[in-house]
Participant: 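Would you mind keeping the following structure in view while I ask a few things?
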Amino acid sequence: MLTSTYKEGMLEITRQFPNVKSVTSVLRNMYTVEEGDWMGIYYVDGKFYQTSIHRVHSLEAVGAGDAYGAAFVHGLINGWFDSQKIVDFAISASVLKLMIQHDFNVVTQEDAFKIMNSKSTNLSR
């Protein structure tokens, strides 16, 4: 997945807006309406952090970006991770949302941890 364009864009945001200290994004590479690769990228303190690429078969993409953002903020405000783990947790929540119909993410923090720690998109509940 090509990340250089995203990285350039993130750096440009911090150049144009000097008070912005960090930028994060979901990168999507869709092959079909339902099949694609997802990863997260985070720029903070002059360093980039990125997740592994998750190949996903999605039921519905509505809300997956919101799930990423919410999980990202959850990691920040709880202070329980380093930067790499925050972005890993956020993409895990987003990937899980892709497997849920409608726009409300009903996964738990523990579900996201399971995906994050297993490096798989399969979750047994």
Side-chain angles (χ1 to χ4, degrees):
M1 185 173 288
L2 184 62
T3 61
S4 61
T5 303
Y6 281 86
K7 288 179 178 179
E8 290 169 18
M10 293 170 139
L11 291 172
E12 185 60 27
I13 289 169
T14 61
R15 279 192 289 272
Q16 288 189 28
F17 304 96
N19 290 332
V20 172
K21 304 300 180 200
S22 65
V23 183
T24 190
S25 183
V26 174
L27 284 68
R28 303 168 178 119
N29 188 16
M30 301 306 293
Y31 302 108
T32 69
V33 173
E34 297 175 337
E35 297 288 332
D37 294 336
W38 286 64
M39 69 174 287
I41 190 166
Y42 178 34
Y43 177 74
V44 64
D45 297 329
K47 184 174 179 187
F48 286 96
Y49 300 87
Q50 60 190 53
T51 68
S52 57
I53 297 170
H54 295 270
R55 174 66 52 98
V56 182
H57 177 87
S58 61
L59 293 175
E60 186 170 320
V62 173
D66 295 338
Y68 177 88
F72 193 89
V73 170
H74 180 76
L76 287 175
I77 64 174
N78 282 291
W80 27 258
F81 294 137
D82 63 24
S83 296
Q84 183 63 55
K85 290 191 177 183
I86 292 171
V87 73
D88 287 338
F89 179 80
I91 200 65
S92 297
S94 180
V95 163
L96 283 170
K97 171 56 191 90
L98 291 168
M99 298 171 214
I100 299 169
Q101 288 184 317
H102 309 298
D103 60 353
F104 187 72
N105 196 4
V106 294
V107 302
T108 66
Q109 176 178 296
E110 290 74 27
D111 293 336
F113 280 135
K114 286 178 188 174
I115 293 295
M116 186 175 95
N117 294 327
S118 73
K119 305 295 185 204
S120 170
T121 56
N122 296 320
L123 178 66
S124 298
R125 290 189 175 172

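Quick note: residue numbers are just sequence positions, from 1.
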Participant: Among Y68, Y43, Y42, find the residue that satisfies the side chain to side chain donor-acceptor pair (under 3.5 Å) test when tested with T24.
Facilitator: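 Between T24 and the candidates, side chain to side chain donor-acceptor pair (under 3.5 Å) is satisfied uniquely by Y68.
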Participant: Could you tell me whether a side-chain N or O of S94 sits under 3.5 Å from a main-chain N or O of A64, the two making a donor and an acceptor?
Facilitator: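 Flag set: sc S94 to bb A64 pair under 3.5 Å.
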Participant: ring-ring contact (aromatic ring centres under 6.0 Å, His included) with F113: which residues, sequence neighbours excluded?
Facilitator: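 If we apply the ring-ring contact (aromatic ring centres under 6.0 Å, His included) test to F113, skipping adjacent residues, the hits are W80, F81, F89.
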Participant: Apply the side-chain contact (heavy atoms from CB on, under 4.5 Å) test between D37 and each candidate in N29, V56, L27; give the one that qualifies.
Facilitator: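 In the set N29, V56, L27, the residue that makes a side-chain contact (heavy atoms from CB on, under 4.5 Å) with D37 is N29.
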Participant: Using the side-chain contact (heavy atoms from CB on, under 4.5 Å) criterion, which residues pair with T51? Sequence neighbours excluded.
Facilitator: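 Once residues adjacent in sequence are excluded, the partners of T51 under the side-chain contact (heavy atoms from CB on, under 4.5 Å) criterion are M39, V87, D88, I91.
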Participant: With side chains defined as the heavy atoms from C-beta onward, is the minimum distance between M10 and I41 less than 4.5 Å?
Facilitator: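 Answer yes - side chains close enough.
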Participant: To the nearest 0.5 angstrom, please state how far the CG atom of D111 sits from the CG atom of L96.
Facilitator: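 Interatomic distance, D111 CG to L96 CG, rounded to 0.5 Å: 6.0 Å.
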Participant: Supply the atom-to-atom distance Y49 OH to S83 OG, rounded to the nearest 0.5 angstrom.
Facilitator: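 Going from OH on Y49 over to OG on S83, the span is 4.5 Å.
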Participant: Rounded to the nearest 0.5 Å, what separates atom CE in M116 from atom NZ in K85?
Facilitator: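 These two atoms lie 6.0 Å from each other.
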Participant: Could you check if a side-chain atom of T32 sits within less than 4.5 angstrom of a side-chain atom of E34, using non-hydrogen atoms only?
Facilitator: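 SC-SC contact between T32 and E34 confirmed.
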Participant: Using modelled atom types only, decide if a donor and an acceptor are shared between the side chain of D82 and the backbone of Q84 within a distance under 3.5 Å.
Facilitator: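 Side chain of D82 to backbone of Q84, a donor-acceptor pair under 3.5 Å: yes, one is there.
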Participant: Just how far is it from atom CH2 of W38 to atom CZ of R28, taken to the nearest 0.5 Å?
Facilitator: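 Between W38 CH2 and R28 CZ, I get 4.0 Å after rounding to 0.5 Å.
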Participant: Rounded to the nearest 0.5 Å, how far apart are CD of E110 and CG of N117?
Facilitator: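 Here the interatomic distance stands at 11.5 Å.
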Participant: Treat each ILVMFWY residue as a node, draw an edge where side-chain heavy atoms are under 4.5 Å apart, and state whether L11 and V20 are in one component.
Facilitator: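 L11 clusters together with V20.
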Participant: Check for me, please, whether V23 and V73 land in the same ILVMFWY cluster - side-chain distances under 4.5 Å, paths through other members count.
Facilitator: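 Each belongs to a different hydrophobic cluster.
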Participant: Kindly indicate whether the side chain of F72, heavy atoms from C-beta on, has any atom under 4.5 Å from the side chain of I77.
Facilitator: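 They are not in side-chain contact.
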Participant: Side-chain heavy atoms under 4.5 angstrom apart, residues restricted to Ile, Leu, Val, Met, Phe, Trp, Tyr: same cluster for V26 and Y31?
Facilitator: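 No; tracing contacts between hydrophobic side chains, which count when under 4.5 Å, never links both residues.
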